[in-house]
Student: 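Pasting a structure here, questions to come.
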Number of protein chains: 2
Amino acid sequence: MSARLPPERRQELAARLRSARLRVTTPRLIILDALLRVGGHRSVEDVLRHLQREGIRLPRATVYNVIRSLVSSGLVMVADVGPGRMLVESAERWHHHFVCRECGSVIDVPCAVGAKPCLEPDLPGAEVEEAQIIWRGVCPRCVAARAEGGLDARDQETLSRPTGGSI
Amino acid sequence: MSARLPPERRQELAARLRSARLRVTTPRLIILDALLRVGGHRSVEDVLRHLQREGIRLPRATVYNVIRSLVSSGLVMVADVGPGRMLVESAERWHHHFVCRECGSVIDVPCAVGAKPCLEPDLPGAEVEEAQIIWRGVCPRCVAARAEGGLDARDQETLSRPTGGSI
DNA sequence: CCGTTCTCTTGACACTGTCCAAGAAGAGCT
DNA sequence: AGCTCTTCTTGGACAGTGTCAAGAGAACGG
C-alpha cells in the first residue's frame, strides 16, 4: 500500500499510536494523518473519498475498524449529529457542534471548558467520560440570508462542509 | 385501521395536534398516543413493533413522516445517541441522555435548567432552538457490576430498554 | 358539499455501519 | 534474526435505518 508519508511524520504518528497503546499499522497511520491534517469534521465516506483521491484504497470495514480503535483510545472523537451522520475528527481540542436545520451544515463550537467531561449529569454512580452538546437551530449564514429579503438559504448547499479542508 | 382510542383521549390528542397546527389524522393520533403513554425513549422500530403487537400496522415511511411532523412542531423530540439509534420521545419535559459504553443502555437525564436551551453556544448570529447533551461513560449499574468482582456487565443485555415501558 | 391541500400508503431504494473468516502483519521474546 | 502469539486488515456479503416518489385518500375552509 505504501503510505505516502514523510518519515518524520510517520514517526510522530507512530509515537501517538504507541502512546495510546495501539499497534502501528499502515491504515492507522494513513487515517490518523488524514484526520489530523484536516481541522474539521468529516463523515466516514468523506474520509474514504479523500483517500481515494490520493490513490489510496482502503476497505470501508477497515476504515470503520481503525476509527473505532482510534476513538476508544481517545485520539479522535465522533459526533452523531443526525441519523446516518457520524462525524469523525481529531480530538485535540474538545468541542461541540451546531447543526443548522435550514442548510444542514455542521459548525464546530469550542468547548467553554476545553477538557472532556465539561458537564456533569445528574446521575449518581455513573462514570462520565465525555459530554457532547449538539445545538440545533439556524446558523448565522442562514439567518443573514433570511434577513436579506427571503433569499433562499439553500443556495449554500455546503452540507457539512463549512469548516472544509481538502479531505 | 380503526384506532382503538377512547373518545376523550382522542379529543385530547386531537387538540394537541390542532394547537400545533397539524392536521388530525389517524396515524398521528396513534403514534402520538403511543409516545405519550410511554415515558421513556423508543427507537422507531420499537414504535413499529409496539403498534404491531396492538394489531396496528403502519408503513415505516408513515411512522417516519409522522415523527418528522411531530418533531418539527415540537410535540416530540428525537435524540441521536449513536449511529442508527434515533430515539423518539415525548417532548413534555426536555431532557438529555447518558449512553453507557458497556451495556449500551440509554438513560434519561433531567435538564439541569428545565428550560429548553440550557446552554448557549459561542456562535454569534445563530438562532438556537435547542441544545441536547449526550454523556458517554459507564452507567451506575455497570459500575456496580464491575465493583462486585468482575461480574460480566453484559449480563444485562437490556440495550436501550432501561426506562422500559411496554412499547 | 366541493375543491384545495396536505397526508398516507406502497414499494423500492440508498446509505451506513457491521459481521465473518482467512490471511497478513506487528510486537515481544529468545 | 527467527519464532510465536496476538492483533489487524481485507473483501464480500449482510442488516438496519432512513428516504424517495407517485398515486390514492382524507382533512380542512368556505
Side-chain angles (χ1 to χ4, degrees), chain A residues 1-3 10-11 13-32 41-49 51-52 56-73 75-76 78-88 104 159-160, chain B residues 1-3 10-11 13-32 41-49 51-52 56-73 75-76 78-88 104 159-160:
Chain A
M1 175 179 304
S2 88
R10 192 186 178 92
Q11 292 257 314
L13 296 172
R16 285 205 202 213
L17 288 175
R18 266 189 264 270
S19 75
R21 318 211 158 253
L22 289 178
R23 288 194 176 176
V24 178
T25 69
T26 312
R28 285 177 180 176
L29 290 169
I30 294 174
I31 292 172
L32 184 56
H41 41 257
R42 294 300 135 202
S43 72
V44 173
E45 301 296 320
D46 277 338
V47 174
L48 276 169
R49 274 193 297 274
L51 295 178
Q52 239 166 12
I56 302 166
R57 213 178 58 80
L58 286 180
R60 234 186 356 193
T62 296
V63 176
Y64 278 101
N65 281 344
V66 167
I67 286 172
R68 183 159 34 187
S69 56
L70 292 179
V71 165
S72 69
S73 67
L75 288 176
V76 311
V78 297
D80 295 292
V81 296
R85 295 189 67 186
M86 181 171 98
L87 298 184
V88 194
L159 239 95
S160 125
Chain B
M1 178 178 302
S2 88
R10 190 184 179 97
Q11 293 257 316
L13 295 172
R16 286 204 199 213
L17 288 175
R18 266 188 264 269
S19 74
R21 317 210 159 255
L22 290 177
R23 286 193 178 176
V24 178
T25 70
T26 312
R28 286 178 177 175
L29 289 170
I30 293 173
I31 292 173
L32 184 56
H41 42 257
R42 295 299 133 203
S43 73
V44 173
E45 300 298 318
D46 275 339
V47 174
L48 276 169
R49 274 193 298 273
L51 296 179
Q52 238 165 13
I56 302 166
R57 211 179 59 79
L58 286 179
R60 235 185 356 194
T62 296
V63 176
Y64 278 100
N65 279 345
V66 168
I67 286 172
R68 183 160 34 189
S69 57
L70 292 178
V71 165
S72 70
S73 66
L75 288 177
V76 310
V78 297
D80 294 292
V81 294
R85 296 188 65 187
M86 181 172 98
L87 298 185
V88 193
L159 241 94
S160 128

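A, B, ... follow the sequence lines: proteins, then strands. Residue 1 opens every chain.
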Student: Using a 4.0 Å cut-off on protein heavy atoms (strictly under), produce a 5'-to-3' string for nucleotides 22-30 of chain C with B for base contact, S for backbone-only sugar-phosphate contact, and - for none.
Tutor: ----BS---
Student: The criterion is side chain to side chain donor-acceptor pair (under 3.5 Å); which residues satisfy it with B:R68, sequence neighbours excluded?
Tutor: B:N65
Student: Whole-Å distance between D:dC8 P and A:I67 CD1?
Tutor: 15 Å
Student: What is the separation between atom CZ on A:R21 and atom P on D:dC8, rounded to the nearest whole Å?
Tutor: 14 Å
Student: According to side-chain contact (heavy atoms from CB on, under 4.5 Å), who are the partners of A:E45, at least two apart in sequence or on a separate chain?
Tutor: A:S43, A:L48, A:R49, A:R60, A:Y64
Student: Any salt bridge (charged side-chain N to carboxylate O under 4.0 Å, His left out) involving residues 17-31 of chain B? Give me the pairs, sequence neighbours left out, ordered by first then second residue.
Tutor: none
Student: Treat primed atoms plus P, OP1 and OP2 as sugar-phosphate and everything else as base, then score nucleotides 14-21 of chain D 5' to 3': B for base contact with protein heavy atoms under 4.0 Å, S for sugar-phosphate contact only, - for none.
Tutor: ---BBBB-
Student: Between P on D:dT9 and CZ on A:R57, what's the gap in Å once rounded to a whole number?
Tutor: 15 Å
Student: Rounded to the Å, how far apart are B:L29 CG and C:dT7 P?
Tutor: 14 Å
Student: Once you round it to whole Å, what is the distance between C1' of C:dT7 and CG of B:L32?
Tutor: 16 Å
Student: Please enumerate all residues that pass side-chain contact (heavy atoms from CB on, under 4.5 Å) together with B:S72, with sequence neighbours excluded.
Tutor: none
Student: Could you check whether any side-chain heavy atom of B:I31 comes within less than 4.5 Å of a side-chain heavy atom of B:V88, counting everything from C-beta outward?
Tutor: no
Student: Between C1' on D:dT7 and CG on A:L70, what's the gap in Å once rounded to a whole number?
Tutor: 15 Å
Student: So how far off straight is the helix from C:dC1-D:dG30 to C:dT30-D:dA1, going by the axes through five pairs at either end, to 10°?
Tutor: 50°
